[in-house]
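Take a look at the structure set out below.
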Amino acid sequence: MGKEARQNWDNPVQFVLACVSYAVGLGNVWRFPYLCQMHGGGGFLIPYLIMLVLEGIPLFYMELAIGQKMSLGSIGAWTAINPYLGGIGVASVVTSMYLCLYYNIINAWSFWYLFHSFQSVLPWAECPLNSNRTGPIEECETGTSTEYFFYRETLNISSSIEENGGIHMGQALCLLLAWVITYLFIARGVKSTGKVVYFTAIFPYVVLFIYLIRGFTLHGAFNGVAYMFTPKLEQLANPTTWINAATQIFFSLGLGFGTLIAFASYNQYNNNFERQAIIVSFINCGTSIFASVVTFSIYGFKATVNYENCLERTRLLLLNTFNLAEDSVSMDNVFEWIEKLNTTYPQQFAEIAHKLEGCDLESELDTAVEGTGLAFIVYSEAIMNMPVSQLWSVLYFLMLLLLGMGSMLGNIMAIITPLRDFKLLSHISDELLNGLVCVFCLLLGLGFTTTSGNYWFTMFNDYGANFSLLFVVLAEVITVSYIYGIKRFEKDIEDMLGHRPNWYWKIMWAGVSPLLLITLFIVYIVNYIQGGTPTYQAWNKELGKSVVTEYPVFGQLFIALLLVSSVSCVPLTALYVYCRERKRRPAHTGSPE
Amino acid sequence: MLWKVLLLLGLSSAWAQKLCSPGASDGYKVRLSINSALGDQAYVWNENEMFLFRATLAFAMRTYSDGQEYDVANVVVCDETPRVSFWFVVTSPLDASLLVDKRRVEEAVRKSRSRINSAFLLTDDTLEFIGIPPTLEAPVAPDTPPWLIAFGVVMGGVGAGIVVLLVSSVVQKIRKKRDGEEETGGKTENEAASDAIYNMSFSDDEPVTQM
């Protein structure tokens, strides 16, 4: 092994910040609060922390060790560990490629919302008027103005995945901008990325902190936080809780994409990654909890505002129907008045009974949302009710942007680092290779800006990465523990760090983590088979809400293609290497060694 | 004599009351929400305020209808409730028993809506004419959508950044080639020492080792 003039991080802090920036992403903000809410509030932290210790940190450590030892991207590293299993690296690259294609769309949406925040009235706060200016547009009235802005003005969504329209120019421009910025951040490889991560890792915490203060001072925030932190410990008996905790830890840390291997490959050989692995894992965990506290205070505010608006509408309805004086019914005694009027004027009351919405704070708090719905609809609804909403909107979408960009940097590095290692491509300059990858992903990503693009996005999001990652990491941990051998791995680590990993790590790698991963894998397959035809949420214009629709045949075929294409890289590469070896030594009768 | 005048007045007001009734075909219901609109500064609804309403409506009819001289007496009000809602009809100034057509009243109210609103310090939602939807103001549509401006600024900045980046790396490569030509034997360490800007770890033409 001659001297490799490989790029390096300027200092270990850059490496840690890069890992933090990659691991702390949108999932911490929009998936973890949802899981907390679904699985018993504060009680969810117990399975979450247990899974962190059992599977999260050991696997994180393992990937960093591999990357730092081999100093190669995922394909090169796995080929070095075992030539037949280089396919694991290929599978990682394919999965990262899928992720890169669709992930930048989220950044494009964040840009769109960010740019639209520079207006005196936030465009999602009011419904636009219809053509004869008598009232708001019907689609907006049946839904809410925030949903209308997201589904109609941002996405211009069609009513199913089969109907297609043209590209939404605004989206395409924002996607272009997202890719251009991504290129700017990675153009020179680790040299540019290393400087950018100072900002992308730290600024989101600044915004979260500001939002924490703002959130706690909002009217009704306490309702949300109390609701979240009241642990419902009976949820711990539900196995789904533990499965979801394990899955969340797994995806939140970004294992299996090859990013961690790529980042670690730029480390100095003797970098103390053990400590860094533990630090990054706990920072990621802590950020999830921090983000949920903020999210729940905002939930509480939004729920309280909606509840009070509901009460106000009911009050007006009562006043107008029964011609009572304005100050006789206030928001506090609406319910008493309903009782009174029901008994005194039963007939008149029955006429308006269907217009009465049941106003309930609990049910407002119960509406658990995750994903893009939470980030772009629920949050923007809450923001438009805050004073000086433009400022809060800008801060929030800037934070989303940085979280997304930080993760995006990692994903792109996971593709570029292995490509760089190929001798074929090594004479192309850094800038050119990175540019080509970005342009390629941009062109394919334009498909997600069409009118049915959001449905394809959901398909990629749900099926593109989950299954293949489980498979890849399972293959990784089994390869390292049993095929490469724990003893050899131990020696490598001792070579780098100066001491062997203690019994905790070895038990996790050899026993606990593989078992957990196999369980998750089996559960995933069982759920997929039992779930019947895969479905998605299609936006219905007339009803003003999403309806569950089954994927058409080509959609299901595409899902199968997504699942199979990355997983099959492992056996296919093994076969290819085997055939190549056989061709090289056809005359030998003994085992080729 | 006096009792005849009184009888006539009584009869005419009774007649007027018969013209105005809740659900009258040529009448409209009005609803005011003074407390919601003004909060602490709400005024009390009394006879004088009602007089103002009738006068304002008479003004609207005068200005925007057929130009006849409508008077306060031509606006007849009935069915007042504590909500502060009531029905009104408009009688013709020429014949007190004839009601002005619904559509003319609606047109007059529509055109003078903002004047009526401001007379009472209220808005379209707090002074409602049930059955006459307000013509909402057209939103101000700027020539360039504001988001495009913000986009242009950011895109320009990023584009400039990329150009600077690419130009600086091309310049570095040219310099490196020039230094490489000057020194025979290609001693990499000397290159690094001679060119302070050139970054050692930047050598992208070193092939990475075995696979």
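Any value given below was found using the heavy atoms of this structure, including those in side chains, with hydrogens, waters and symmetry copies removed. Residue numbering restarts at 1 for every chain, and letters A, B, ... go by the order of the sequence lines.
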- Query: For the candidates B/Pro145, B/Ala42, B/Ser168, B/Gly159, which exhibits the highest count of non-hydrogen atom pairs separated by less than 4.5 Å from chain A?
  - Reply: B/Ser168
- Interatomic spacing from CG in B/Leu166 to OG in A/Ser429 - rounded to 0.5 Å: 9.0 Å
- Please report the C-alpha distance between B/Val170 and A/Glu431 in whole Å, then the side-chain angles of each, then the deciding distance to 0.1 Å, and finally whether the side-chain contact (heavy atoms from CB on, under 4.5 Å) criterion is met. CA-CA 10 Å; B/Val170 166; A/Glu431 289 89 354; over 6 Å; no
- Check each atom of A/Leu173 against the heavy atoms of chain B and say whether the ones under 4.5 Å are side chain, backbone, both or neither. both
- Just how far is it from atom CZ of B/Arg31 to atom CG of A/Leu319, taken to the nearest 0.5 Å? 9.0 Å
- Item | Which atoms of B/Ser33 approach chain A - backbone, side chain, both or neither, heavy atom under 4.5 Å | both
- Taking all non-hydrogen atoms of both residues, which atom of A/Arg188 and which atom of B/Ser169 are closest, and how far apart? NH2-N, 3.5 Å
- Taking every heavy-atom pair that is under 4.5 Å apart, which of A/Trp112, A/Phe111, A/Phe118, A/Tyr183 has the most such pairs with chain B? A/Trp112
- Item | Residue B/Leu32 versus chain A: region with a heavy atom under 4.5 Å | backbone
- Distance-minimising heavy-atom pair for B/Gly161 and A/Leu184: C-CD1, 3.7 Å
- When the 4.5 angstrom heavy-atom criterion is applied to A/Leu324 and chain B, the contacting part is backbone
- Aromatic rings B/Phe151 and A/Phe115: how do their planes relate, parallel, tilted or perpendicular, breaks at 30° and 60°? perpendicular
- Message: Please find the pair of heavy atoms, one from B/Trp147 and one from A/Gly170, that lie closest to each other, and give the distance.
- Response: CH2-CA, 3.6 Å
- Query: Within a reach of under 6.0 Å around OH of A/Tyr345, are more than 12 heavy atoms found that belong to other residues, nucleotides or ligands?
  - Reply: no
- Query: Which distance, rounded to the nearest 0.5 Å, do you find between the CG of B/Asp79 and the CG of A/Asn323?
  - Reply: 7.0 Å
- Considering residues, nucleotides and ligands other than A/Glu138, do more than 12 of their heavy atoms fall under 6.0 Å from its CD? no
